[in-house]
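Predicted, not measured: the structure shown is a model, and the values here were computed from it. We're numbering straight along the sequence, starting at 1.
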Amino acid sequence: MMLSRRILRGRSCLCYLTSATSKTVVATELKPPVFTQFSTSSKSKFDFSYKLNNLYNIKGHYFSTNALESQPVNGIVDIPLAQTGEGIAECELLKWFVQEGDQVEEYQRLCEVQSDKATIEITSRYNGKVAKVLHIPGDMIKVGETLLKLSVDDSSVAHDDGAESSLGSDTSDSDDNKAGVKKSQKGEALCTPAVRSLAKEHNIDINDVTGTGKHGRISKEDVLKYALGKGIIDDKPALFNPGSIEPMDGPEEKLHEIADSLYHDKILTLRAYQRAMVKSMTAAASVPHFHYVEEINCDSLIELKSAFQKENTDPEVKFTFLPVLIKALSMALTTHPLVNSTFNLETYEVTLKGSHNVGIAMATPSGLVVPNIKNVQSLSIFEIAKELSRLQKLAMANKLPPADISGGTITLSNIGSIGGKFGSPLINVPEVAIIALGKIQKVAHFADDGTVYPVSLMTVNIAADHRILDGANVAFFCKEWKEYIEKPELLLLRTR
């Protein structure tokens with residue numbers, strides 16, 4: 001009898017723990033937390049979930065302003081800058097998508113910020129109205145600092161709290177909710193915040209527009225069609241009217257003013273990627289470098305690139321020398337894994353990386369950034385070309401996510417695409433090697449019989465961490481890499 005009671009008590013405790021655990025996990029998925037560290041003195045409402053999250057290692061990685069401690073005071077909610085990534089203490093505000101007085105819907109974009117690792121969009125957790133904007137573009141904002149204040153009603157807060165405790169699957173699985181599409185119980189139109197913004201721009205009541213999408217969803221095309229039908233906008237393209245340009249007042253005075261300003265000192269504040277470069281190069285200064293320089297015959301590489309470009313049917317992909325160089329690099333790393341490693345000075349440990357995540361240094365309007373192509377050892381040359389094109393577009397648009405910037409294992413710097421025979425690069429810590437590619441140029445070479453013939457030569461400079469790599473390591477690695485470049489048919493023979 002005593003044994004039966006103990007079994008029953010154990011089952012009841014297990015059922016309670018199981019149900020409580022399930023509730024916490026689902027609620028976390030429905031309303032993912034911002035990287036907020038809860039102390040043991042937090043409200044009792046969150047104590048149990050805090051312990052379970054640590055017990056089961058439940059973590060959410062989201063870039064929104066969903067901070068659990070942000071509670072409305074007199075209808076005003078503070079929207080803080082969320083933790084956008086591990087080790088990020090502050091971000092630069094790039095631009096606002098809203099202004100004071102604007103109506104804001106749940107999941108609507110509020111602003112765009114940039115850390116030293118990536119560019120992130122901050123979204124709203126509430127439906128409400130922008131009461132006050134506390135920062136301007138260019139400001140450096142600490143994590144947890146208030147971005148803006150929202151005026152919300154009780155129903156919005158109640159709806160939000162209800163969603164946190166809801167266990168239903170409809171909310172998490174709905175396509176409308178994922179896209180930020182909301183339809184209130186008052187019969188408001190079904191559309192995204194972007195569509196509402198377009199309607200507001202043309203002074204159109206969104207409820208007057210007939211939606212042609214699923215369940216009557218209103219699209220941008222529906223709004224534009226309505227505007228055309230009502231004569232709000234003209235279907236004809238706008239023509240340039242030179243007479244609309246106002247003459248500049250006092251052109252001579254303006255020119256003198258501009259000329260004078262050119263000779264004045266200016267203070268520039270380093271931001272985002274530029275700050276990241278300061279940190280990275282400061283760390284590199286503590287690494288004992290040595291450099292290994294080699295010349296590589298690129299005649300076969302040039303022929304292969306021309307052949308690939310002729311057979312390329314994807315207009316989005318432009319073949320350059322880099323994809324072949326990257327694939328050849330990965331093949332050489334397979335037999336020289338120490339070159340593809342990272343070093344931890346505190347523990348005196350070298351980690352031989354299983355993946356070949358090749359970083360490509362890119363010059364962008366926002367500064368130098370080094371995204372990396374993941375798992376090159378498993379990609380074809382064409383797949384590498386496509387991934388390189390994707391990263392270049394995101395880098396130039398300043399839209400690289402953290403995943404594309406972190407996790408590199410070795411870096412290539414193609415300085416030759418700009419100019420220069422070779423460069424002397426600095427290691428991207430904690431990596432142990434970086435390679436600068438010089439310009440490919442025609443030079444005269446002598447054959448054994450004394451005849452002169454032209455050769456397309458590229459000079460490469462490999463910078464290595466002398467604490468981990470010695471001259472022999474780098475020389476043997478470079479010899480194999482050079483062989484793959486000069487005889488690209490070997491890539492076909494040895495590619496798995």
- For K374 and N372, run side-chain hydrogen bond (donor to acceptor under 3.5 Å, both in side chains): C-alpha distance rounded to whole Å, both residues' side-chain angles, the deciding distance at 0.1 Å, then the answer. CA-CA 6 Å; K374 300 288 194 297; N372 60 82; 2.7 Å; yes

- Query: Any side-chain heavy atom of N473 within less than 4.5 Å of one from I468?
  - Reply: no

- Under the side chain to side chain contact (heavy atoms under 4.5 Å, CB included) rule, what do Y126 and I79 come out as? Steps first, then yes or no, please. CA-CA 10 Å; Y126 301 100; I79 305 298; 4.2 Å; yes

- Task: Scan V317, T320, V324 and name whichever one has a side chain to side chain contact (heavy atoms under 4.5 Å, CB included) with F308.
- Result: V324

- What are the two closest non-hydrogen atoms of V339 and A433, and how far apart are they? CG1-CB, 3.9 Å

- Message: With side chain to side chain contact (heavy atoms under 4.5 Å, CB included) as the criterion, how do S456 and I302 come out once you've worked through the C-alpha distance, each side chain's angles and the decisive distance to 0.1 Å?
- Response: CA-CA 9 Å; S456 299; I302 293 174; 3.4 Å; yes

- CG of L388 to CG of L379: how many Å apart, nearest 0.5 Å? 11.5 Å

- Query: Can you find a heavy atom in the side chain of T451 that is under 4.5 Å from one in the side chain of F446?
  - Reply: no

- Query: At what distance, to the nearest 0.5 angstrom, does CE of M458 lie from CG of L437?
  - Reply: 5.5 Å

- Could you check if a side-chain atom of R467 sits within less than 4.5 angstrom of a side-chain atom of L345, using non-hydrogen atoms only? yes

- For the residue pair V113 and C91, what are the closest heavy atoms and their distance? CB-CB, 4.0 Å

- Message: I'd like to know if the side chain of T119 and the backbone of N398 have a donor-acceptor N/O pair within less than 3.5 Å.
- Response: yes

- Over 12 foreign heavy atoms within 6.0 Å of CZ, F290: yes

- OG1/T334 to CG/L329 distance, rounded to the nearest 0.5 angstrom? 9.5 Å

- Answer yes or no: is there a donor N or O on one side and an acceptor on the other, between the side chain of Q108 and the main chain of E105, under 3.5 Å? yes

- Task: Applying side-chain hydrogen bond (donor to acceptor under 3.5 Å, both in side chains), run through T335 and E480 and close with a yes or a no.
- Result: CA-CA 9 Å; T335 52; E480 185 171 344; 2.7 Å; yes

- Message: Test your reading of the model: is there a side-chain donor-acceptor pair from H289 to the backbone of I427, 3.5 Å cut-off?
- Response: yes

- Query: Between D314 and K386, is a side chain to side chain contact (heavy atoms under 4.5 Å, CB included) present by the stated rule, with each step listed?
  - Reply: CA-CA 9 Å; D314 191 341; K386 291 182 67 175; 4.1 Å; yes

- Message: For F343 and Y348, take the angle between the two ring planes, folded into 0 to 90°, and tell me which bin it lands in: parallel under 30, tilted 30 to 60, perpendicular over 60.
- Response: perpendicular

- Task: Over all heavy atoms of both residues, which pair between A447 and Y453 is shortest? Give the atoms and the distance, please.
- Result: N-CE2, 3.6 Å

- Distance-minimising heavy-atom pair for S355 and N375: OG-OD1, 2.9 Å

- Counting distance only, does the side-chain N/O of D102 pair as donor-acceptor with the main-chain N or O of Q99 below 3.5 Å? yes

- Check: I410 main-chain N/O paired with K353 side-chain donor or acceptor under 3.5 Å: no

- Query: Taking atom types as modelled and ignoring hydrogens, do the side chains of N357 and T409 form a donor-acceptor contact shorter than 3.5 angstrom?
  - Reply: no

- Query: Do other residues, nucleotides or ligands put more than 12 heavy atoms under 6.0 Å from K310 NZ?
  - Reply: no

- Pair N428-S280, side-chain donor/acceptor within less than 3.5 Å: yes

- Query: Is D448 atom CG crowded by more than 12 heavy atoms from other residues, nucleotides or ligands, each under 6.0 Å away?
  - Reply: no

- Can you check whether E295's main-chain N or O pairs, donor with acceptor, with K482's side chain at less than 3.5 Å? yes

- Drop me the distance from L147's CG to D139's CG, to the nearest 0.5 angstrom. 10.5 Å

- Query: Between E486 and S300, is any side-chain donor less than 3.5 angstrom from a side-chain acceptor?
  - Reply: no

- Query: Would a distance-only check, ignoring hydrogens and angles, find a side-chain to backbone donor-acceptor pair under 3.5 Å from E92 to Q114?
  - Reply: no

- Task: Taking the side chain as every heavy atom from C-beta outward, state whether V376 and I384 have any pair of such atoms under 4.5 Å apart.
- Result: yes

- Item | Evaluation steps, salt bridge (Lys or Arg N to Asp or Glu O under 4.0 Å), between R275 and E90 | CA-CA 11 Å; R275 290 192 174 196; E90 62 180 3; 2.5 Å; yes

- Query: Does F319 have K305 sitting over its ring (NZ/CZ under 6.0 Å from centre, angle to axis within 45°)?
  - Reply: no

- Query: Do you see a donor-acceptor pair shorter than 3.5 Å between the side chains of E106 and S124?
  - Reply: no

- Query: Do I435 and T411 have side chains that get closer than 4.5 Å, going by heavy atoms?
  - Reply: no

- Do side-chain atoms of W481 reach the backbone of L325 as a donor and acceptor pair under 3.5 angstrom? yes

- Item | Close side-chain approach of L301 and D299, heavy atoms under 4.5 Å | no

- Task: Check whether any side-chain N or O of H135 sits under 3.5 Å from a backbone N or O of T146 as a donor-acceptor pair, and report yes or no.
- Result: yes

- Given the rule in the salt bridge (Lys or Arg N to Asp or Glu O under 4.0 Å) test, do K399 and E112 qualify, once you have shown the distances and angles that lead to the verdict? CA-CA 10 Å; K399 297 290 185 182; E112 185 176 65; 2.3 Å; yes

- Query: Pick from I373, I360, V370: which one makes a side chain to side chain contact (heavy atoms under 4.5 Å, CB included) with L391?
  - Reply: I373

- Message: Please determine whether the number of non-hydrogen atoms from other residues, nucleotides or ligands lying under 6.0 Å from atom CZ of F422 exceeds 12.
- Response: no

- Message: Measuring only between side-chain heavy atoms, which start at C-beta, is K95 closer than 4.5 Å to C111?
- Response: no

- Message: On a heavy-atom basis, which atom in F477 and which in A332 lie closest, and how many Å separate them?
- Response: CE1-CB, 3.7 Å

- Item | Straight-line distance of I434 CD1 to D465 CG, nearest 0.5 Å | 12.5 Å

- Message: Using 0.5 Å steps for rounding, measure from the CD1 atom of I296 to the OG1 atom of T459.
- Response: 9.0 Å

- Is there a donor-acceptor pair under 3.5 Å between the side chain of N461 and the backbone N or O of G423? yes

- Could you please spell out the steps behind the salt bridge (Lys or Arg N to Asp or Glu O under 4.0 Å) verdict for E387 and R390? CA-CA 5 Å; E387 183 67 3; R390 182 186 72 85; 2.6 Å; yes

- Atom of Q377, atom of G354 and distance for their closest heavy-atom approach: NE2-O, 4.0 Å

- Verdict with supporting geometry, W96 and L148, side chain to side chain contact (heavy atoms under 4.5 Å, CB included): CA-CA 10 Å; W96 284 106; L148 76 164; 4.1 Å; yes

- Can you find a heavy atom in the side chain of K421 that is under 4.5 Å from one in the side chain of Q441? yes

- Query: For residues S219 and D222, is any side-chain donor paired with an opposing acceptor at under 3.5 Å?
  - Reply: yes

- Message: Check this for me: E489, atom CD, are more than 12 non-hydrogen atoms of other residues, nucleotides or ligands nearer than 6.0 Å?
- Response: yes

